Amino acid sequence: MRADRLISLVLLLRRHGRLTAAALARELEVSTRTVLRDIEALSAAGVPVYAERGRHGGFALLPDFRTDLTGMNHDEALALLVAGSGRAEQVFGLGSALASAMRKVADALPEGHRAAASDAARRLLVDPETDLLSRRPATEELPGTTMIEVRRAVLAGHRLRIHYAATGQAPQWRTVDPIGLVTVRERGYLLATRSGADRTYRLSRVLAAEELPEPAQRPERVDLDRIWRERCAQFLSGDHVTVLVRVDPARREELVSTALAVRAEEPDGDGRLRLEVTYQDARHAEWALWQLTTDAEALAPQWLRTLLHDRAAALVSCYGVPS
């Protein structure tokens, strides 16, 4: 851990030229005292870092100092810089590691290409935090310590104990054999088996986790994309309710956020969208469509239209006709 931090410190100084101890501490997510100790360690190891006093002072490297990192060409570095601008690292708890990796990528570029690649990366944006309607995605976050335990177990091939809060149930401890991690539309999932049966766990519902020493019962090689497709197909074929809906585009995200899955989507003739969505059961479907009032219309099945009609009629009956 400290070796990685020392490398990151050197790369930060190379990139910015001069930084205060406080600025370095913020970047490295450590205390100012830790930064000062790291500076002393670098000096003792022969790295030419020095302090500049005064109002605009800070720490800097001698101008010609160069770290020994493997180089790469402009397009390779640009691809990594742009890929690193996504937010999957938030789901898997890899934000700090990604920041460190991006500093190394930038520093590995030849001198003449470094500024050009950094400028090019700023002109390419992947998955911004809001869309054109200023709607923010519902990003799920998991405590860092919990995510570290989950990730370690997945990568080390160890069994995992999780304190999991399934929908409508009290949280319970479960021991699982982890297979892999998947992120889809800002939501993270743990693919695993439990007593030999396939299980998919929503990471945001994992309240605590503990990596166990015994090896997980799983195949040595895995095709995560194939497993995810199979589990999606199995999920959609379950005893759920499929609804055909016409919805105002401005309320689409609200509709989708309440559904288990979206099976199909296409524009409708009057500017609305036509979606085929899946809900847990009839009660779930009725509740979700009722929240959208007249901005969404259930086209099928007929029993759902009848439920919504009767609910609206009961409300009118309760309040009566205005005098």
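In this text, all values refer to a predicted model and were calculated from it rather than measured experimentally. These values consider heavy atoms only, across backbone and side chains, with no hydrogens, waters or symmetry-generated copies.
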- Message: Could you report the tightest heavy-atom contact between Thr258 and Leu255, atom names first, then the distance?
- Response: OG1-O, 2.8 Å
- Message: For Glu210, is there any backbone N or O sitting under 3.5 Å from a side-chain donor or acceptor partner on Glu149?
- Response: no
- Query: So do the side chains of Asp198 and Ile227 get within less than 4.5 Å of each other, counting heavy atoms only?
  - Reply: no
- To which residues is Leu299 joined in a hydrophobic cluster, defined by side-chain heavy-atom contacts under 4.5 Å among Ile, Leu, Val, Met, Phe, Trp and Tyr, whether direct or through other members? Leu244
- Glu265: which of Arg252, Arg246, Arg272 passes salt bridge (charged side-chain N to carboxylate O under 4.0 Å, His left out): Arg252
- Task: Compare all side-chain heavy atoms of Leu191 with those of Val222 and state whether any distance is below 4.5 angstrom.
- Result: no
- Query: Would you find more than 12 non-hydrogen atoms of other residues, nucleotides or ligands less than 6.0 Å from Arg226 atom CZ?
  - Reply: yes
- Test item: Arg37 and Thr34 side chains (from C-beta on) under 4.5 Å apart, heavy atoms: yes
- Task: Please name the pair of heavy atoms, one in Phe59 and one in Ala21, separated by the smallest distance, quoted to 0.1 Å.
- Result: CE1-CB, 3.9 Å
- Item | Step-by-step side chain to side chain donor-acceptor pair (under 3.5 Å) determination, Thr278 to Arg263 | CA-CA 7 Å; Thr278 300; Arg263 293 192 173 193; 3.3 Å; yes
- Could you tell me whether the side chain of Gln291 and the main chain of Trp287 form a donor-acceptor pair under 3.5 Å? yes
- Which residue pairs pass the ring-ring contact (aromatic ring centres under 6.0 Å, His included) test with at least one member in residues 198-227, sequence neighbours excluded? Tyr164-Tyr201
- Message: Between His284 and Asp281, is there a side-chain heavy-atom distance shorter than 4.5 Å?
- Response: yes
- Query: So, Thr193 versus Arg218: side-chain donor-acceptor pair below 3.5 Å or not?
  - Reply: no
- Report yes if some heavy atom in the side chain of His240 is under 4.5 Å from a heavy atom in the side chain of Gln280; otherwise report no. yes
- Do Glu254 and Leu292 have side chains that get closer than 4.5 Å, going by heavy atoms? yes
Could you go through residues 300-317 and list every donor-acceptor pair under 3.5 Å that involves a side-chain atom there, pairing it with any protein atom two or more places apart or in another chain?
| from | atom 1 | to | atom 2 | distance (Å) |
| --- | --- | --- | --- | --- |
| Arg305 | NH1 | Glu297 | OE2 | 3.0 |
| Arg305 | NH1 | Ala298 | O | 2.7 |
| Thr306 | OG1 | Gln302 | O | 3.1 |

- Query: Considering only heavy atoms from C-beta outward, does the side chain of Leu160 approach that of Leu190 to under 4.5 Å?
  - Reply: yes
- Taking every non-hydrogen atom, the tightest pair across Arg159 and Pro178: CA-CD, 4.1 Å
- Query: Side chains of Val30 and Val35: closer than 4.5 Å at any heavy-atom pair?
  - Reply: yes
- Separation between CG (Leu181) and CG (Leu224), nearest 0.5 Å, reads 8.0 Å
- Would you name the heavy atoms of Ile179 and Val154 that are closest together and state the gap between them? O-CG1, 4.3 Å
